[in-house]
Undergrad: 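Once you've had a glance at the structure underneath, I'll fire off some questions.
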Amino acid sequence: MSCESETVERTETFDATPEEVWESLTDDDRLSEWLAEDVELEPFEGGEISVRDGDGERSGTVETVIEEERLTYTWARPGEEPSRVDFTIEAVPAGTRLTVIETAISGPVAIAEARWRPRFEALRRGLALVLA
């Protein structure tokens with residue numbers, strides 16, 4: 001199977017500013033509201049990410065940080081091949097468009113497409129609380 005077939009992409013528009021979405025992607029407490037139970041992220045290039053939830057632990061390295069525009073990191077479970085997760089943020093008239101693309105570096109992606117849907121819904125709820 002080629003890496004092109006090992007890609008998951010999801011785009012959602014949130015009623016929030018790019019700054020609020022960025023904070024939800026880079027703040028440990030905000031990440032724990034929607035990504036996993038326990039998240040540690042060093043939001044700078046070369047920083048580490050550690051994600052722990054009921055599915056186990058994934059860890060990786062931050063590759064790209066462009067504040068309020070783009071965040072990219074690799075992550076993997078122990079003994080599994082890593083995947084690259086790329087978030088892009090775009091201001092749109094309805095709020096902020098967030099796209100996540102997860103691409104297997106080799107092997108299956110760390111998180112299936114069906115898993116991004118509930119995470120984005122949790123993000124939407126978290127952003128709604130910020131705006132309230």
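Throughout, residue positions are numbered sequentially from 1 according to the sequence presented.
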Undergrad: Would a hydrophobic clustering, with Ile, Leu, Val, Met, Phe, Trp and Tyr connected at side-chain separations under 4.5 Å, put I101 with L123?
TA: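 Per the 4.5 Å side-chain linkage, I101 and L123 are not co-clustered.
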Undergrad: Residues two or more places apart in sequence or in another chain: which of them pass side chain to side chain contact (heavy atoms under 4.5 Å, CB included) with I49?
TA: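 Scan of I49 (side chain to side chain contact (heavy atoms under 4.5 Å, CB included), adjacent residues dropped) gives L41, V51, Y73.
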Undergrad: Taking the side chain as C-beta and beyond, is there a heavy-atom pair between W75 and P82 under 4.5 Å?
TA: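 Of all side-chain heavy-atom pairs linking P82 with W75, none is under 4.5 Å.
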Undergrad: Under the salt bridge (Lys or Arg N to Asp or Glu O under 4.0 Å) rule, collect the residues that match up with D27, sequence neighbours excluded.
TA: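 Residues passing salt bridge (Lys or Arg N to Asp or Glu O under 4.0 Å) with D27: none at all.
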Undergrad: Side chains of D38 and D53: closer than 4.5 Å at any heavy-atom pair?
TA: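 No, every pair of side-chain atoms sits at 4.5 Å or beyond.
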Undergrad: Which value, rounded to the nearest 0.5 Å, describes the distance between E42 atom CD and D28 atom CG?
TA: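 These two atoms lie 9.0 Å from each other.
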Undergrad: What residues, two or more places apart in sequence or in another chain, satisfy side-chain hydrogen bond (donor to acceptor under 3.5 Å, both in side chains) together with E12?
TA: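 side-chain hydrogen bond (donor to acceptor under 3.5 Å, both in side chains) list for E12, sorted by chain: R10, R124.
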Undergrad: Going by the ring-ring contact (aromatic ring centres under 6.0 Å, His included) test, which pairs reach into residues 78-98, not counting sequence neighbours?
TA: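 Counting only pairs at least two positions apart or across chains, the ring-ring contact (aromatic ring centres under 6.0 Å, His included) contacts touching residues 78-98 are F87-W116.
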Undergrad: Atom CZ of R30 and atom CG of L25: how far apart are they, to the nearest 0.5 Å?
TA: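 One finds 9.5 Å between CZ of R30 and CG of L25.
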Undergrad: Can you pull out every ring-ring contact (aromatic ring centres under 6.0 Å, His included) where at least one residue sits in residues 48-71? Sequence neighbours excluded, please.
TA: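 ring-ring contact (aromatic ring centres under 6.0 Å, His included) check on residues 48-71 returns no pairs.
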Undergrad: Working to the nearest 0.5 Å, report the span between CZ of R58 and OG1 of T74.
TA: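 R58 CZ to T74 OG1: 12.5 Å, rounded to 0.5 Å.
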Undergrad: Going by the ring-ring contact (aromatic ring centres under 6.0 Å, His included) test, which pairs reach into residues 18-54, not counting sequence neighbours?
TA: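 ring-ring contact (aromatic ring centres under 6.0 Å, His included) check on residues 18-54 returns no pairs.
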Undergrad: Restricting to salt bridge (Lys or Arg N to Asp or Glu O under 4.0 Å), what partner residues turn up for E63, sequence neighbours left out?
TA: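 Scan of E63 (salt bridge (Lys or Arg N to Asp or Glu O under 4.0 Å), adjacent residues dropped) gives R84.
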Undergrad: I'd like to check the side chain to side chain contact (heavy atoms under 4.5 Å, CB included) partners of E69; sequence neighbours left out, ordered by chain and number.
TA: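 Per chain and number, E69 pairs via side chain to side chain contact (heavy atoms under 4.5 Å, CB included) with I66.
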Undergrad: Determine whether a donor-acceptor pair (N or O, by modelled atom type, separation under 3.5 Å) exists between the side chain of R77 and the backbone of D55.
TA: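 Yes, R77 side chain to D55 backbone: donor-acceptor pair under 3.5 Å.
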Undergrad: Output the distance between atom OG (S24) and atom CG (L127), rounded to the nearest 0.5 Å.
TA: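 Nearest 0.5 Å value for the OG-CG distance: 4.0 Å.
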Undergrad: What residues, two or more places apart in sequence or in another chain, satisfy side chain to side chain contact (heavy atoms under 4.5 Å, CB included) together with E57?
TA: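 Expected list: S50, R52.
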Undergrad: With sequence neighbours left out, what residues match E19 under side chain to side chain contact (heavy atoms under 4.5 Å, CB included)?
TA: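 Only T17, E68 meet the side chain to side chain contact (heavy atoms under 4.5 Å, CB included) criterion with E19.
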Undergrad: List in chain and number order the residues that pass salt bridge (Lys or Arg N to Asp or Glu O under 4.0 Å) with D86, two or more places apart in sequence or in another chain; answer none if no residue qualifies.
TA: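 Only R70 meet the salt bridge (Lys or Arg N to Asp or Glu O under 4.0 Å) criterion with D86.
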Undergrad: What pair of heavy atoms forms the shortest contact from E33 to A122, and how long is it?
TA: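 Minimum heavy-atom contact is O-CB, 4.0 Å.
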Undergrad: Look up atom CD in E9 and atom OG1 in T103, then write down how far apart they are to the nearest 0.5 Å.
TA: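 One finds 8.5 Å between CD of E9 and OG1 of T103.
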Undergrad: Supply the atom-to-atom distance E81 CD to I105 CD1, rounded to the nearest 0.5 angstrom.
TA: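 So the gap between those two atoms works out to 8.5 Å.
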Undergrad: Side chains of residues 89-99: which donor-acceptor pairs under 3.5 Å do they make with residues two or more places apart or in other chains?
TA:
| residue | atom | partner | partner atom | Å |
| --- | --- | --- | --- | --- |
| E90 | OE1 | R97 | NH1 | 3.1 |
| T96 | OG1 | A16 | O | 2.6 |
| T99 | OG1 | T11 | OG1 | 2.9 |

